[in-house]
Amino acid sequence: MADAPPIDNAMFIELQESAGADFVAELVDTFLEEAPRMLAELRATATTGRPDAFRRAAHSLKSNANTFGATKLGTLAREYERVSVRLQELRRA
């Protein structure tokens, strides 16, 4: 993952071809506007002892990042999501 580019160019180009460059530009702009809020929520929920809220924040970040090929960020968010699911399982045990 360390060598992966921030954006998967092939995935990004495929998205542009299927959805249109203007729409993809809007997606990216929306993500750039919402990402700080998503990251802030992820940070805030990491310390509250609410793994479900953390999982939802990680899931949102993962989904949004993967939409336009930010696979490196999506992979990291997926790992956060998995950790939170495991924490919930441990709490129920």
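Note: hydrogens, waters and symmetry copies are ignored here, and every other heavy atom, side chains too, is used.
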Under a single-linkage definition using a 4.5 Å side-chain heavy-atom cutoff for Ile, Leu, Val, Met, Phe, Trp and Tyr, are Leu32 and Leu76 assigned to the same hydrophobic cluster? yes
Look at the side-chain heavy atoms of Ile, Leu, Val, Met, Phe, Trp and Tyr, link any pair under 4.5 Å apart, and say whether Met11 and Val24 land in one connected group. no
Counting only heavy atoms not in Glu79 (residues, nucleotides, ligands), do more than 12 fall under 6.0 Å from its CD? yes
According to a 4.5 Å side-chain heavy-atom criterion applied to Ile, Leu, Val, Met, Phe, Trp and Tyr, with indirect links allowed, do Ile13 and Phe23 form part of one hydrophobic cluster? no
Do Leu61 and Val85 belong to the same hydrophobic cluster, where Ile, Leu, Val, Met, Phe, Trp and Tyr are linked whenever their side-chain heavy atoms lie under 4.5 Å apart, directly or via other members? no
What distance do Arg82 atom CZ and Arg55 atom CZ have between them, rounded to the nearest 0.5 Å? 14.0 Å
Less than 4.0 angstrom from a charged side-chain N to a carboxylate O is my criterion; do Glu89 and Arg86 meet it? yes
Return the minimal non-hydrogen interatomic distance between Gly74 and Ala65, and the atom names on each side. N-CB, 3.8 Å
Look up atom CG in Leu15 and atom CZ in Phe68, then write down how far apart they are to the nearest 0.5 Å. 9.5 Å
Taking ILVMFWY side chains as joined if any heavy atoms are under 4.5 angstrom apart, and letting links pass through other members, which residues group with Leu87? Val83
Within this structure, what is the CZ-OG distance for the pair Arg78 and Ser63, rounded to the nearest 0.5 Å? 11.5 Å
Thr71 vs Phe12, side chain to side chain contact (heavy atoms under 4.5 Å, CB included): CA-CA, chis, key distance, verdict: CA-CA 10 Å; Thr71 55; Phe12 190 79; over 6 Å; no
Do Asn64 and Leu73 have side chains that get closer than 4.5 Å, going by heavy atoms? no
Quick one: do Leu42 and Met38 end up in the same hydrophobic cluster if we chain Ile, Leu, Val, Met, Phe, Trp and Tyr together by side-chain heavy atoms under 4.5 Å apart? yes
Within 6.0 Å of OH in Tyr80, more than 12 heavy atoms from elsewhere: no
Does atom CG (Asp29) have a neighbourhood of more than 12 heavy atoms from anything else shown, all under 6.0 Å? yes
Distance, nearest 0.5 Å, that separates CG of Asn9 from CD of Gln16: 9.5 Å
Gap between atom OG of Ser84 and atom CZ of Arg56 - 0.5 Å precision: 10.0 Å
What is the distance from atom CZ of Arg43 to atom OG1 of Thr48, rounded to the nearest 0.5 Å? 14.0 Å
With a 4.5 Å cut-off on side-chain heavy atoms, are Thr30 and Leu27 touching? no
